[in-house]
Amino acid sequence: CDIIKWFFKNWTFLKIIPFKNVQKKINYIQHYVGYGNFNIISFDEAINILRYSKNYTIFTKEELAFIEHIFYYEPTYHGFYGDRTTNDLTASINKKEIEKIPTRNGYGEGLVEAGKKNPDVMVLCCDLTESTRSLQFSKEFAERFLEIGVAEQNLAGVAAGLALEGKVPFCSSYTVFNPGRNWDQIRVSVCYNKANVKIVGAHAGISVGPDGATHQALEDIAIMRVLPNMTVLSPCDATQVEQAVKAAVEDIKEPVYLRFGRAPVPEFMDANSDFKIGKGQLLKQGSDLTLMATGHMVWEALQSAKVLE
């Protein structure tokens with residue numbers, strides 16, 4: 001989004017906000033846009049150029065803060081529509097702020113509820129109890145929680161044995177390790193035996209961007225959907241993760257792979273919505289185009305639909 005050019009095209013906007021020396025700012029923008037000195041690719045870059053341009057510090061901190069507030073939180077006020085960054089479509093769409101919650105929070109809450117209803121539910125983890133939100137279950141049902149340590153292959157083997165003895169184990173770890181590191185054990189010990197094991201991959205996809213490529217599991221859906229007897233669940237927010245945990249225990253007595261990301265995402269699903277494994281949910285009516293998404297991308301698809309309107 002070329003913010004500078006937008007200012008130039010909508011220069012009257014500068015006259016209705018509390019700026020000082022408005023004409024000087026308009027002339028500055030017009031001069032630089034007219035000579036093609038800027039090639040802005042994001043909102044943040046535009047703000048930095050306004051703030052640090054050589055020989056020009058015409059915008060005060062207060063004015064820049066005002067611009068930032070308008071573009072991030074009140075897009076409809078100034079009529080701007082477009083991406084505010086290269087990977088986020090929401091700035092131009094939603095004036096109403098929506099609470100963002102890590103999807104893994106729904107996993108922790110879902111485990112506790114499942115543990116209360118079913119005494120056979122157990123949770124296993126590989127030294128990531130807090131990160132995967134398995135900690136809540138471990139505090140509530142210490143006798144049904146097993147800390148396996150950094151041994152993901154053993155995690156799958158132990159879980160398979162427990163399942164064959166009638167338990168309902170949830171194996172929790174990062175997706176890159178579970179199923180990334182123990183796929184063979186899942187394939188043979190869990191799937192071959194149709195063991196009632198729930199494989200849980202947290203921090204899936206690129207939601208762990210800052211952790212680097214070694215922790216970005218991009219292949220997990222592909223490698224799990226091809227396994228026999230395996231059901232793959234990819235919920236879109238914390239509410240749906242909690243629903244998925246419940247469904248994995250009550251509706252499927254065979255292997256399940258449940259995956260979710262790390263970063264907080266908008267909490268937009270209704271807890272009373274119809275969640276059925278194997279059936280998609282229609283979230284918005286339309287007639288010209290179909291957008292299909294799973295996991296964290298469901299929210300982005302909804303925002304894309306609004307942009308296309």
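No experiment lies behind these values; they were computed from the predicted model shown. All values below were derived from every heavy atom in this structure, side-chain atoms included, with hydrogens, water molecules and symmetry-related copies excluded.
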*Given side chains that start at C-beta, do those of Gln216 and Val208 come closer than 4.5 Å, heavy atoms only?*
yes
*Find out if a path of hydrophobic residues (ILVMFWY) with successive side-chain heavy-atom gaps under 4.5 Å connects Trp299 to Leu283.*
yes
*Give the ring-plane orientation class for His215 versus Tyr174, where under 30° counts as parallel, over 60° as perpendicular and anything between as tilted.*
perpendicular
_Grouping I, L, V, M, F, W and Y whenever their side-chain heavy atoms are under 4.5 Å apart, do Met224 and Val200 come out in a common cluster?_
no
*Does the Glu267 side chain pair with the main chain of Asp237, one donor and one acceptor, at a distance under 3.5 Å?*
no
*asked:* If we ignore hydrogens and angles and just use 3.5 Å, is the side chain of Asp220 paired with the main-chain N or O of Arg259 as donor and acceptor?
replied: no
_Worked verdict on Glu309 versus Lys306 for salt bridge (charged side-chain N to carboxylate O under 4.0 Å, His left out)_ = CA-CA 5 Å; Glu309 288 178 340; Lys306 291 183 179 180; over 6 Å; no
*Shortest non-hydrogen contact from Val197 to Ala163?*
CG2-CB, 3.6 Å
*asked:* Parallel, tilted or perpendicular, judged at 30° and 60°: which one describes the rings of Phe170 and Tyr107?
replied: tilted
*Checking Asp127 side chain against Val150 main chain: does a donor-acceptor pair fall under 3.5 Å?*
no
*Side chains of Ile186 and Met230 in contact at under 4.5 Å (non-hydrogen atoms)*: yes
_Between Val168 and Leu258, is there shared hydrophobic-cluster membership here, with clusters defined by ILVMFWY side-chain heavy atoms closer than 4.5 Å?_
yes
*asked:* Atom CD1 of residue position Ile252 - does it have more than 12 heavy atoms of other residues, nucleotides or ligands inside 6.0 Å?
replied: yes
_Could you work out, with side chain to side chain contact (heavy atoms under 4.5 Å, CB included) as the rule, every residue matching Lys139, not counting sequence neighbours?_
Leu135
_Phe268 CZ to Gln240 CD distance, which is reported to the nearest 0.5 Å_ = 7.0 Å
*When hydrophobic residues are tied together by side-chain contacts of less than 4.5 Å, even through go-betweens, does Phe141 share a cluster with Met122?*
no
*Can you check whether Ile223's main-chain N or O pairs, donor with acceptor, with Trp183's side chain at less than 3.5 Å?*
yes
*With a 4.5 Å heavy-atom cut-off, do Thr132 and Cys125 have their side chains touching?*
yes
*Under a 4.5 Å side-chain heavy-atom rule over Ile, Leu, Val, Met, Phe, Trp and Tyr, are Val176 and Leu155 clustered together?*
no
*Can you find a pair of side-chain heavy atoms, one from Leu162 and one from Leu124, that are under 4.5 Å apart?*
yes
*Would you tell me whether Thr294 and Ser234 have side-chain atoms, one donor and one acceptor, within less than 3.5 Å of each other?*
yes
*Side-chain H-bond candidate by donor/acceptor type, Ser134 with Ser172, under 3.5 Å*: yes
*asked:* Is it the case that the side chain of Thr103 and the backbone of Ala238 share a donor-acceptor pair, with hydrogens and angles ignored and the cut-off at 3.5 Å?
replied: no
_Keeping Asn229 on the side-chain end and Tyr192 on the backbone end, is there a donor-acceptor pair under 3.5 Å?_
no
*Looking at the rings of Phe260 and His296, which for Trp means the six-membered one, are their centres under 6.0 Å apart?*
no
*Atom of Gly205, atom of Leu218 and distance for their closest heavy-atom approach*: C-CD2, 4.0 Å
*asked:* Donor-acceptor pair, distance only, cut-off 3.5 Å: does the side chain of Gln185 make one with the backbone of Asn154?
replied: no
*Begin from the C-alpha positions of Asn196 and Lys194 and carry the test side-chain hydrogen bond (donor to acceptor under 3.5 Å, both in side chains) through to its verdict.*
CA-CA 6 Å; Asn196 191 17; Lys194 289 189 178 181; over 6 Å; no
*Are Ser273 and Gln243 close enough that some pair of their side-chain heavy atoms sits under 4.5 Å apart?*
yes
*asked:* If you define the side chain from C-beta out and look only at heavy atoms, does anything of Arg104 sit under 4.5 Å from Val241?
replied: no
*Can any side-chain N or O of Asn193 pair as donor or acceptor with the backbone N or O of Ala195 at less than 3.5 Å?*
no
*Check: Leu227 main-chain N/O paired with Arg187 side-chain donor or acceptor under 3.5 Å*: no
_I want to check something: taking the side chain as every heavy atom from C-beta on, are Lys246 and Lys117 in contact at a cut-off of under 4.5 Å?_
yes
_Student check: side-chain heavy atoms of Ile199 and Asn182 closer than 4.5 Å_ = no
